[in-house]
Amino acid sequence: MKKVLYSILAASMAFFYVSCSQKPEEPAVDPIQATLVVNDVTVEEGKSVFVSAATNSTAPVYYVADNSGVYTADDTGKVTGVKAGNGQLTVKVDAVEGKFTSAEKTITVTVTAAPPVDDKNPKPGNYTFTASALKEKWVAGDQIYIQGGFGPTAQVITLEAGQLSADGKTATVALDGDLFKYFASPDPFYAVWPASAVQKQEGLTGPVIEYAVSDIHLTQAYLKDSDFAFKDITAFISFTVSGDYDSYIVAGTQHPGLRYSGYKNEYSSAKVQAAKPKDDGYPFREGKLSAGENSLYFPGGITFTEGFTLYFATGDNWTASYTYSEDVKLKAGEKLELGDISGQLVSYSGDKPHMPEVVNVTKYTVSFNEFSGLCLSTDASFLWTIDDNGKLGRIDLTENVGTVLETWSVGGDPEGISIHPETGDLIICNEEPVSVGIVKAPVSKGDKQTIIFKIYEARGYGNAGMEGITYYKKDGDKDLVYCGAQTDAMLFLCDLNAPVDGNKYTTLVQEGISLRKRFTGVLEIAGLSYDPLTDWLWMVDSEAHKIFVFSGDASELLCSYTLKTRSNEEGIVVDHSRNCVWVADDYGSTSYLYKYEFSGLEDFIIEK
């Protein structure tokens with residue numbers, strides 16, 4: 001009986017266990033409806049946009065392009081326009097089992113036509129070259145230089161007879177090649193005749209042409225449409241002369257510089273006025289004569305105030321000259337035709353016209369603040385100098401050139417210094433008040449200047465007042481000095497022995513001269529040095545950065561020299577013992593002494 005009961009109980013417990021361990025089946029859940037939010041797109045030919053599609057599904061969005069051919073689409077939704085028109089793009093998401101349904105939406109893709117390309121850059125093909133007014137016509141063999149935006153791609157073309165028009169005024173040439181790789185601005189191409197005059201450039205180029213040769217006929221052009229219309233950028237003076245002469249020299253009456261160290265010019269759609277060249281101040285130009293018409297060429301134009309003179313030679317013998325005495329002012333493209341001047345020649349018996357030339361420049365650092373005037377000691381062993389704080393100094397010219405030997409204060413507001421050739425007295429000009437002082441010889445350390453006169457005519461100049469002084473000469477009982485001011489480059493001739501009034505004002509020997517108004521290029525007087533061996537008055541101009549050389553009476557400008565410095569040149573003195581000119585440069589806290597060595601200076605020493 002117990003066995004039966006146990007069996008029934010075991011069976012009941014097993015049934016209960018099995019029944020409790022089985023989980024009930026969960027009811028089925030419907031997937032969420034996937035959504036797509038996407039709009040039609042518009043794109044230009046050749047450009048791309050991205051389709052922005054938003055969905056609630058976790059499935060990736062993909063894109064199916066139609067076969068219209070107006071666009072392309074990739075897996076990221078990037079749509080690129082191919083040609084103008086409309087197409088359909090299907091945007092899809094696949095179903096996610098038990099979670100999201102699939103979805104798709106078709107949008108319209110509109111491709112608009114790209115705007116026409118405004119390509120103004122020239123293309124390889126035929127181009128016209130029109131000769132300038134003074135060139136008149138092309139001839140076979142003429143060479144033209146053409147540059148764009150990069151120097152190495154410039155071309156030189158040689159004109160052929162078959163390319164010329166019947167009258168020679170134009171030439172038509174096919175251009176191609178690397179020239180068209182780089183274009184300049186504001187015009188794509190620039191041209192020059194003759195090509196041989198151009199200084200070819202490396203790197204980027206533009207409308208400015210650099211010339212290696214500038215004293216010949218030069219013409220420039222820029223490309224407009226398909227034509228290079230050339231313009232003369234030089235002025236001409238032409239003449240013929242008969243006789244056995246084989247060379248000539250030209251010089252202006254006022255001695256403008258006629259030798260050009262380099263020339264740059266822009267002729268473009270933005271700038272049509274030819275530039276003036278920088279000259280080195282040398283007032284003569286030499287050339288060889290031809291049998292026919294001879295022409296003198298001046299880039300940018302030329303001005304000869306009071307005319308010019310032509311000198312003629314056979315071999316080394318300069319025997320004739322011609323003078324044109326009227327003012328000449330020629331712009332680029334203008335020509336003065338003298339015709340046959342043979343009957344107007346006059347005899348000339350002098351040396352070859354020339355001036356001394358700078359052959360070397362040496363720079364010395366000088367420990368002298370506010371470096372200003374200079375004069376040479378009587379034995380030429382040292383320089384006297386002055387500064388505008390009243391300090392006088394001596395600078396060695398023998399063993400240690402540029403070394404300051406000693407300094408002391410002489411008082412006043414000095415700017416320039418000179419020395420009396422007979423007495424050895426130091427003569428000093430002061431800026432404020434405008435006055436002249438003397439330090440009596442023999443000069444010893446500690447000596448002060450004594451003011452001997454003031455210049456009434458310069459009393460209001462202030463800081464643009466007296467800058468230079470130099471002893472000139474004896475004239476009867478007069479002891480003459482030149483005093484120079486910055487203002488209008490005024491030059492005053494004074495007498496050291498003249499009586500003064502109660503305010504110490506002197507009477508000028510003659511009315512002051514404005515060198516600035518009288519001579520082109522002069523801006524101010526910064527220092528003066530009269531040279532009695534040549535009867536020349538040397539002047540340094542710290543604004544023009546030039547040395548000017550005048551006749552002793554300052555009536556004629558003989559020559560000018562461009563300084564190697566570009567700072568504050570304030571003193572000058574001629575030194576024949578060393579064939580040089582010394583220039584003081586007040587460069588702020590550092591001062592420099594420059595030695596300009598000359599050749600030919602001795603040629604102009606006056607025989608006594």
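- Here the side chain of Q449 pairs a donor or acceptor atom with the backbone of G411 at under 3.5 angstrom.
- Side chain to side chain, S542 and E524 meet the donor-acceptor criterion of an N or O pair below 3.5 Å.
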Where do Q254 and T520 land on the side-chain hydrogen bond (donor to acceptor under 3.5 Å, both in side chains) test, with the steps shown first? CA-CA 8 Å; Q254 292 292 341; T520 302; over 6 Å; no
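- W536 and W538 have tilted rings, their planes meeting at an angle from 30° to 60° on a 0 to 90° scale.
- From C494, atom SG reaches atom CD of E457 across 8.0 Å, with rounding to the nearest 0.5 Å.
- To the nearest 0.5 Å, atoms CG (N294) and CD1 (I237) are separated by 12.5 Å.
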Apply the test side chain to side chain contact (heavy atoms under 4.5 Å, CB included) to residues I427 and I438: give CA-CA distance (whole Å), side-chain angles for both, the deciding distance (0.1 Å), then the verdict. CA-CA 5 Å; I427 311 167; I438 293 286; 3.8 Å; yes
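- Checked against the 6.0 Å centroid threshold, H545 and Y561 do not count as a close aromatic pair.
- In this structure, D535 contributes its side chain and P532 its backbone to no donor-acceptor pair below 3.5 Å.
- No donor-acceptor contact under 3.5 angstrom links the side chains of Q199 and E210, judged on distance only.
- A salt bridge does not link K271 to E266: none of the charged side-chain nitrogens sits closer than 4.0 Å to a carboxylate oxygen.
- Side-chain contact annotation: N317 with T319, donor-acceptor N/O pair under 3.5 Å absent.
- A donor-acceptor contact shorter than 3.5 Å is absent between the side chain of D488 and the backbone of M490.
- Shown are L491, T470, V522; of these, the side-chain contact (heavy atoms from CB on, under 4.5 Å) with M539 is made only by V522.
- Between Y248 and F312, the ring planes are tilted. Angles from 30° to 60° get that label.
- Sorted by first then second residue, the ring pair (Phe, Tyr, Trp, His ring centres under 6.0 Å) pairs that include residues 395-433, not counting sequence neighbours, are H420-Y471.
- Y263 and Y211 have parallel rings, their planes meeting at less than 30° on a 0 to 90° scale where 60° marks the start of perpendicular.
- Scanning all heavy atoms of the two residues, the minimum distance from T385 to G373 falls at OG1-O, 2.9 Å.
- By the 6.0 Å and 45° rule, K352 does not stack over the aromatic ring of Y311.
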Do I547 and V583 pass the side chain to side chain contact (heavy atoms under 4.5 Å, CB included) test, and can you show the C-alpha distance, the side-chain angles, and the key distance before you say yes or no? CA-CA 9 Å; I547 294 172; V583 175; 4.1 Å; yes
Criterion side chain to side chain contact (heavy atoms under 4.5 Å, CB included) on N430 and M466, from CA distance to verdict: CA-CA 6 Å; N430 297 277; M466 289 299 139; over 6 Å; no
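- Without hydrogens or angle criteria, T487 side chain to A464 main chain gives a donor-acceptor distance under 3.5 Å.
- Ring geometry for Y322 versus Y324: interplanar angle of 30 to 60°, hence tilted.
- Using a distance-only test at 3.5 Å, with no hydrogens or angles considered, a donor-acceptor pair links the side chain of D553 to the main chain of S555.
- Atom CZ in F382 sits 8.5 Å away from atom SG in C375 (nearest 0.5 Å).
- Using a 4.5 Å heavy-atom threshold, the side chains of F308 and V328 count as touching.
- Heavy-atom neighbours of E406 CD from other residues, nucleotides or ligands within 6.0 Å: above the threshold of 12.
- Heavy atoms only, all atoms of each residue included: T305 and T253 are closest at O-CB, 3.8 Å.
- Once rounded to the nearest 0.5 Å, the distance linking CG of D215 with CG of L296 reads 9.5 Å.
- E286 and R259 are not joined by a salt bridge, as no carboxylate oxygen comes within less than 4.0 angstrom of a charged side-chain nitrogen.
- In this structure, the side chain of T309 does not engage the main chain of A251 through any donor-acceptor pair within 3.5 Å.
- Taking every heavy atom of both residues into account, Y297 and P299 meet most closely at O-CD, 4.0 Å.
- The distance from atom NE2 of H255 to atom SG of C559, rounded to the nearest 0.5 Å, is 8.0 Å.
- Here the side chain of D541 pairs a donor or acceptor atom with the backbone of L523 at under 3.5 angstrom.
- Taking the six-membered ring wherever Trp is involved, the centroid distance between the rings of Y364 and Y592 does not fall below 6.0 Å.
- Heavy-atom neighbours of N463 CG from other residues, nucleotides or ligands within 6.0 Å: at or below the threshold of 12.
- The aromatic rings of F284 and Y282 stand perpendicular to each other, their planes meeting at an angle above 60°, with 30° marking the opposite boundary.
- Side-chain contact annotation: S132 with D232, donor-acceptor N/O pair under 3.5 Å present.
- Note on ring orientation: taking the six-membered ring where Trp is involved, the planes of Y505 and Y456 are perpendicular (angle over 60°, cut-offs 30° and 60°).
- Note that CG of L392 and CG of D387 are 9.0 Å apart. Values are rounded to the nearest 0.5 Å.
- Under the 6.0 Å cut-off for aromatic ring centres, F298 and F236 do not qualify, their centroids lying 6.0 Å or more apart.
- At distances below 3.5 Å, not a single donor-acceptor pair connects side-chain atoms of D586 with backbone N or O atoms of N568.
- With hydrogens and angles ignored, the 3.5 Å screen pairs no side-chain donor or acceptor of N400 with any backbone N or O of T403.
- Proximity of a side-chain donor or acceptor of T534 to a complementary backbone N or O of F604 within less than 3.5 Å is not detected.
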Mind running side-chain hydrogen bond (donor to acceptor under 3.5 Å, both in side chains) on S372 and D388 for me, showing each step along the way? CA-CA 7 Å; S372 192; D388 56 13; over 6 Å; no
Go through K564 and V361 one step at a time and tell me if the side chain to side chain contact (heavy atoms under 4.5 Å, CB included) criterion holds. CA-CA 8 Å; K564 303 300 181 182; V361 180; 3.8 Å; yes
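- Taking all atoms of both residues into account, the shortest heavy-atom contact from I395 to V366 is CD1-CG1, 3.9 Å.
- Atom NZ of K454 has more than 12 neighbouring heavy atoms from other residues, nucleotides or ligands inside a 6.0 Å radius.
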